[in-house]
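Single-structure report; data block below.
The sequence lines fix the lettering, A, B, ..., with proteins before strands; numbering per chain opens at 1. None of the values given here were measured: they were computed from a predicted structure.
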Amino acid sequence: MVKWLFKQEPSDYSYDDLAAEGKTIWEGVNNPLAKQYLRQVQSGDQILFYHTGKEKAIVGIMAATEAAKSDPNDEKAVIVSVKPVEKLKQPLTLARIKQEPKLANWELVRLARLSVMPITKEQWSILKSILEEA
DNA sequence: GCCAACGTTGGC
DNA sequence: GCCAACGTTGGC
């Protein structure tokens, strides 16, 4: 199972919006690399929800409820159905992530404009250990 | 509000 | 098909 990070501007759609709704369809991803990643999402994959803009932090965890598929209205668009799993007790900020030398190569740090990216096992375990020490 | 980094567009 | 110019995004 692959893990992912999706970015979203919280004033457009926040983790709390997702929690309130119970599920949503992730869509509107246009960047070619982001789309390529999005297309690889499988049912059950865990996805971190990152807030851009003022917050710049991972705020919650979601899970894909179905594998990625094409938008029925637009063959070229990719959509993923997701549901909330849990909200983090406290956000994991970009500033904190940048303090980890081992996370310096992660797309989140290197490619600010990428809105969908994979998380490797090693990266995931580092993130988890940061969360647990808090 | 600025800038860096990346994408896209359009002229050749 | 290349590449310069421009636009967009997101962090600072």
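When only modelled atom types and interatomic distance are considered, A:E86 and A:Y15 share no side-chain donor-acceptor pair under 3.5 Å.
As a whole-Å value, the separation of A:N31 CG from C:dT9 C1' is 10 Å. Put simply, CZ on A:F6 is 15 Å from P on C:dG10, counting in whole angstrom units. One interatomic measurement links the two molecules: CZ of A:R110 to P of C:dG10, which rounds to 17 Å at whole-angstrom precision. Spacing between atom CG of A:D12 and atom P of C:dG10 amounts to 10 Å, rounded to whole angstrom units. Separating the CG atom of A:L111 from the P atom of C:dT8 is a distance of 20 Å, rounded to the nearest angstrom. Protein atom CG of A:L33 is 16 Å distant from nucleotide atom P of C:dT9, rounded to whole Å. To the nearest angstrom, C1' of C:dG11 lies 13 Å from CD1 of A:I97. The nearest whole Å value for the distance from the CG atom in A:L94 to the P atom in C:dG10 is 13 Å.
By the side-chain hydrogen bond (donor to acceptor under 3.5 Å, both in side chains) test, A:R39 pairs with no residue at all, sequence neighbours left out. With sequence neighbours excluded, no residue forms a salt bridge (charged side-chain N to carboxylate O under 4.0 Å, His left out) with A:K128. Judged as a side-chain hydrogen bond (donor to acceptor under 3.5 Å, both in side chains), and not counting sequence neighbours, the contacts of A:E107 are A:Y37.
Enclosure of atom NZ in A:K3 by more than 12 non-hydrogen atoms of other residues, nucleotides or ligands within 6.0 angstrom is indicated. Atom NZ of A:K35 is surrounded by more than 12 heavy atoms from other residues, nucleotides or ligands within 6.0 Å.
For the pair A:F49 and A:I58, the minimum side-chain heavy-atom distance is 4.5 Å or more.
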Show every donor-acceptor pair shorter than 3.5 Å between a side-chain atom in residues 64-72 of chain A and any protein atom, with sequence neighbours excluded, or say none if there are none.
| residue | atom | partner | partner atom | Å |
| --- | --- | --- | --- | --- |
| A:T65 | OG1 | A:S81 | O | 3.2 |
| A:E66 | OE1 | A:K69 | NZ | 3.3 |
| A:E66 | OE2 | A:S81 | OG | 3.3 |
| A:S70 | OG | A:E75 | O | 3.3 |
| A:D71 | OD1 | A:N73 | N | 2.8 |

Give me, pair by pair, the N or O atoms of the protein and of nucleotides 3-7 of chain C that are less than 3.5 Å apart, along with how far apart they are.
| residue | atom | partner | partner atom | Å |
| --- | --- | --- | --- | --- |
| C:dG7 | N2 | A:R113 | NH1 | 3.4 |

For A:T120 and A:Q123, what are the C-alpha separation, side-chain angles and deciding distance, and is it a side-chain hydrogen bond (donor to acceptor under 3.5 Å, both in side chains)? CA-CA 5 Å; A:T120 66; A:Q123 287 159 351; 3.2 Å; yes
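Taken residue by residue, residues 53-61 of chain A places heavy atoms nearer than 4.0 Å to DNA chain C at A:G53, A:K56.
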